[in-house]
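Down below is the structure, laid out as structure tokens.
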Amino acid sequence: MENNGTILRVENIHKSFGDLEVLKGVTFDVTKGETICFIGPSGTGKSTLLRCINLLTQPDQGSVWLGGEEVTNSGKKINHFRQRIGMVFQNFFLFDHLTAIRNVEIALIKVRGMNPKDAREKALEELRQVGMEEWAEHYPAELSGGQAQRVSIARALAMDPDVILFDEPTSALDPELTREVLEVMKKLALAGMTMLVVTHEMGFACSVANRIMFMEHGEIKEQGSPEELMSDTKFERCKNFIGQFDQTNGD
Amino acid sequence: MDFLIVIIEWFPYLIGGIFATLGLVGSALILGVIFGLPMAVGQVYGKRSIRFIIGIYVWFFRGLPVLVLLFLFYFGIFPGLGMDVPAFFVGATVLGLRGAAYQSQIFRGAIQSVSEGQMIAARSVGMTKLQSIRNVILPQAVRVALPGWSNEYPNILTDSAICYAIGVMELMTRTSQIVSQTYITMPIYLVCAGIFILLNYGGMRVLHMIEKKIKIPGFGTGAA
């Protein structure tokens, strides 16, 4: 870890799909324990940015540093870094053939080489954290979306990651299920987990995030604390964007 | 009722044929999985060159009649390699290698049916590509494939009778021998047919049981 508490550094990330330039040089630092929410219109590269951080998508240019080590260009060591960068997906992507607890423990056993007994214990502990220990023996098909997402958070937690990336974790959920997932995330944030969250949940962003990044057209257009973004006049575009949510909520 | 006595008299000889037939089918199925499954993985995840080679293999073994393959291997390839192998071995090998070609396509479809997110999630927790395939993709693909794969059993079972042509002492060969010894045709061939039908039925029952046993909520039709 670096002296100033920076756990993750993202430098000048560029990514194009064909002619479409999705990311046009994104740079930011993340301090340990920080929760950053990425907001902005759909199709502005927020999810692509998250995937570039753990190299699920290979950036065309730029670098990612985790605790002072370079993640980009790390060759086979990328699998090691991915253990330290948890990821939670919009559509959960739980392993469909495994029970909830097997979903959480499999990487501990197969990747970490932990013995099955310890792995089970740890997996159960993580499920308890997200309030899913009673569902340990159920298959993904038997879980609600909110439950599945909480299991997938437990799966990410099990690897004791330095940072967790949330890619629109509640976009596939109805409001009630969204709330149960957001509550778990809020608890994690308060417990000091470093989190990058792509979300359209403005309430969550404003109440939990230390910093909000407003992205548009592949760039971070505006960033600041929730208070700054809401009050300061220079954050015109971001306020307009958030304002649209308030209007629809008011109907 | 001469033929009843004949059949009872020769039945132990037929039983030997049943074992040989089951041996052929069993080894062919196992060989088919051992070669077919990695070939399917190679076809989905392999480099272009690997996919090309597997493509040629599949094209070859699916493109030739079983009888032609049997003669090729029995009179050509094995002797050419200086190997003097029993006909049973040739039969099992040909049925197995041919089965692998068909099975690879069954498994390939099943692997491709596993959603992309499964691989992404597996990689995201730090699994290598190979670990992801082994621990996440294949366990799902095999469950998807099993109903289609079960079809291979009656296919290979019925195909196995053609090993008669190279003199494998299986059910069909022994039946013909009994016929030529006793000059009783129809009843004996009917017994042979009856045994094939029973083997077919029994085998399908076993496969069905396996299918049920490894069933997981969320897989296959009428799931959960």
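By convention in this document, chain letters (A, B, ...) are assigned in the order of the sequence lines, proteins followed by strands, and residues within each chain are numbered from 1. The figures here come from the full heavy-atom set of this structure, side chains too, leaving out hydrogens, waters and symmetry mates.
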(message) If we check salt bridge (charged side-chain N to carboxylate O under 4.0 Å, His left out) with A/Arg150, which of these qualifies: A/Glu134, A/Glu133, A/Glu126, A/Glu180?
(response) A/Glu180
(request) Answer with side chain, backbone, both or neither: which region of B/Gln118 has an atom nearer than 4.5 Å to a non-hydrogen atom of chain A? (result) both
(message) Measuring only between side-chain heavy atoms, which start at C-beta, is A/Phe81 closer than 4.5 Å to A/Glu69?
(response) yes
(message) Atom CZ of residue position B/Phe75 - does it have more than 12 heavy atoms of other residues, nucleotides or ligands inside 6.0 Å?
(response) yes
(message) Tell me whether the count of non-hydrogen atoms from other residues, nucleotides or ligands lying under 6.0 Å of CZ in A/Arg120 goes above 12.
(response) yes
(request) Please state whether the side chain, the backbone, both or neither of A/Leu55 comes within less than 4.5 Å of a heavy atom of chain B. (result) neither
(message) Counting heavy-atom pairs closer than 4.5 Å to chain B, which one of A/Arg51, A/Arg155, A/His138, A/Met159 comes out on top?
(response) A/Arg155
(request) Considering only heavy atoms and a distance below 4.5 Å, find which of A/Lys110, A/His80, A/Gln83, A/Lys76 pairs most often with chain B. (result) A/Lys110
(request) Below 4.5 Å from any heavy atom of chain B, which atoms of A/Arg112 appear? Answer side chain, backbone, both or neither. (result) neither
(request) Give the member of A/Tyr139, A/Phe92, A/Phe89 that has the highest number of heavy-atom pairs under 4.5 Å with chain B. (result) A/Tyr139
(request) Could you have a look at A/Asn54, A/Leu56, A/Asp96 and say which one has the most heavy-atom pairs with chain B under 4.5 angstrom? (result) A/Asp96
(request) Please state whether the side chain, the backbone, both or neither of A/Phe95 comes within less than 4.5 Å of a heavy atom of chain B. (result) both
(message) Report which part of A/Leu165 has an atom under 4.5 Å of a heavy atom belonging to chain B: side chain, backbone, both, or neither.
(response) neither
(request) Please look at A/Asn91 and chain B and tell me whether the side chain, the backbone, both or neither of the residue comes under 4.5 angstrom of a heavy atom of that chain. (result) neither
(message) I'd like to know if B/Glu211 and B/Lys215 make a salt bridge, using a cut-off of under 4.0 Å between side-chain N and carboxylate O.
(response) no
(message) Looking at B/Phe35, I want to see if its CZ is surrounded by more than 12 non-hydrogen atoms of other residues, nucleotides or ligands under 6.0 Å.
(response) no
(request) Look at atom NZ of A/Lys186 and say whether more than 12 heavy atoms of other residues, nucleotides or ligands are closer to it than 6.0 Å. (result) no
